[in-house]
Amino acid sequence: MEPRISIITLGVEDMARAVRFYRDGLGLPTSAKEEDPIAFFKTAGVCLALYPIDRLAGDVYGSAGGIALPSNSDSKGGANRPGQPASRVPGITLAHNTRTQAEVDQLLKMAEAAGGKIEKPAQDTFWGGYSGYFSDPDGHLWEVAFSSDWKFRDDGSLVIQ
């Protein structure tokens, strides 16, 4: 296998809302319209895709797969974020690495203004950087992080040593 990830697909409950969040709120480039069955966003390196979560489950498990989509309420009757299982932190986060510390704060404010939720305000980290977390309207977690040690290629992709 070649060491490459081509597309990261996020299962979403409301395509129109998700497209507006990423396209209008965060400014990710796309030709997708809110009514499209799938949306692709151009980023440096990996393509980000949005797809209805029920269709994603059907694609993975088939119509007879018997998958139960996560409930939006916990065992005590409280509400969870859409698409998130009760009392469970998802096993994945997405990251956007910035060239400056100020960009971390700017992007977190942009995400919140677009309808995202700040999960952890930006702060100095144990590893010597600066980062914070937001979740999109479907509960997908994003880390926004800066380190003075990071280097970027001309296309904006992070150099991994």
Side-chain angles (χ1 to χ4, degrees), residues 1-32 34 36 38-53 56 59-60 70 72 74 78-161:
M1 179 173 153
E2 292 181 48
R4 173 182 55 246
I5 296 174
S6 303
I7 300 173
I8 294 175
T9 302
L10 302 179
V12 300
E13 290 188 10
D14 183 330
M15 278 294 291
R17 176 187 69 191
V19 168
R20 286 191 305 270
F21 178 81
Y22 285 99
R23 182 193 62 206
D24 305 336
L26 297 184
L28 297 185
T30 185
S31 60
E34 293 173 21
D36 287 349
I38 191 166
F40 294 101
F41 295 84
K42 300 170 193 148
T43 68
V46 176
C47 176
L48 177 67
L50 304 175
Y51 195 56
I53 194 162
L56 183 60
D59 190 38
V60 173
N72 284 333
D74 63 25
N80 286 324
R81 303 282 298 163
Q84 294 302 306
S87 303
R88 183 174 168 269
V89 174
I92 185 172
T93 62
L94 303 169
H96 179 85
N97 302 94
T98 65
R99 297 174 195 263
T100 68
Q101 183 170 321
E103 285 178 90
V104 172
D105 296 318
Q106 292 166 354
L107 185 51
L108 288 172
K109 286 178 186 172
M110 182 185 289
E112 187 173 37
K117 178 183 176 195
I118 302 302
E119 301 290 346
K120 180 181 178 184
Q123 56 193 266
D124 292 330
T125 66
F126 71 92
W127 47 266
Y130 182 76
S131 81
Y133 284 85
F134 72 87
S135 57
D136 73 6
D138 284 280
H140 299 290
L141 292 173
W142 284 81
E143 178 185 25
V144 183
F146 165 77
S147 173
S148 59
D149 294 333
W150 292 337
K151 306 291 183 242
F152 293 86
R153 293 183 186 89
D154 290 342
D155 69 359
S157 60
L158 186 64
V159 175
I160 301 295
Q161 302 277 341

Exercise. Report the distance from atom OG1 of Thr43 to atom CD1 of Ile8, rounding to the nearest 0.5 Å.
Key: 8.0 Å

Exercise. Would you mind listing every side chain to side chain donor-acceptor pair (under 3.5 Å) that reaches into residues 20-29, with sequence neighbours excluded?
Key: Arg20-Glu34, Tyr22-Asp136, Tyr22-Trp142, Arg23-Glu34

Exercise. Quick one: closest heavy-atom pair of Thr98 and His96, and the distance?
Key: CG2-CD2, 3.7 Å

Exercise. Check whether the side chains of Thr93 and Glu143 place a donor and an acceptor atom closer than 3.5 Å, and report yes or no.
Key: no

Practice problem: Not counting sequence neighbours, which residues clear side chain to side chain contact (heavy atoms under 4.5 Å, CB included) with Ala32? List them please. | Solution: Thr30, Asp36, Ala39

Quiz item: What distance separates Arg17 CZ from Leu50 CG, expressed to the nearest 0.5 Å?
Solution: 11.0 Å

Quiz prompt | Spacing of NZ belonging to Lys120 relative to OG belonging to Ser131, to within rounding of 0.5 Å | solution = 5.5 Å

Quiz item: Of all residues at least two apart in sequence or in a different chain, which pass the side chain to side chain contact (heavy atoms under 4.5 Å, CB included) check with Asn97?
Solution: Ala95, Ala145, Trp150, Phe152, Leu158

Exercise. Could you tell me whether the side chain of His140 and the main chain of Gly11 form a donor-acceptor pair under 3.5 Å?
Key: yes

Quiz prompt | Residues forming a side chain to side chain donor-acceptor pair (under 3.5 Å) with Ser147, sequence neighbours excluded | solution = none

Only distances under 3.5 Å count here; give the side-chain donor-acceptor pairs of residues 105-113 to other protein atoms, sequence neighbours excluded, each with its distance to 0.1 Å.
| from | atom 1 | to | atom 2 | distance (Å) |
| --- | --- | --- | --- | --- |
| Asp105 | OD1 | Tyr130 | OH | 2.7 |
| Asp105 | OD2 | Tyr130 | OH | 3.2 |

Self-check item: Non-hydrogen atoms of Gly116 and Phe21 that approach each other most closely
Solution: N-CE1, 3.3 Å

Quiz prompt | Nearest heavy-atom neighbours spanning Phe134 and Val144 | solution = CE2-CG2, 3.8 Å

Self-check item: Considering all heavy atoms, the nearest Ser135-Leu141 contact
Solution: CB-CD2, 3.9 Å

Practice problem: Decide yes or no on side chain to side chain contact (heavy atoms under 4.5 Å, CB included) for Asp138 and Leu10, but give the supporting numbers first. | Solution: CA-CA 9 Å; Asp138 284 280; Leu10 302 179; over 6 Å; no

Quiz item: Who passes side chain to side chain donor-acceptor pair (under 3.5 Å) against Glu103, sequence neighbours left out?
Solution: Thr100

Practice problem: Return the minimal non-hydrogen interatomic distance between Gly132 and Val104, and the atom names on each side. | Solution: N-CG1, 4.3 Å

Self-check item: Between CD1 on residue Ile7 and CG on residue Leu48, distance to nearest 0.5 Å
Solution: 10.0 Å

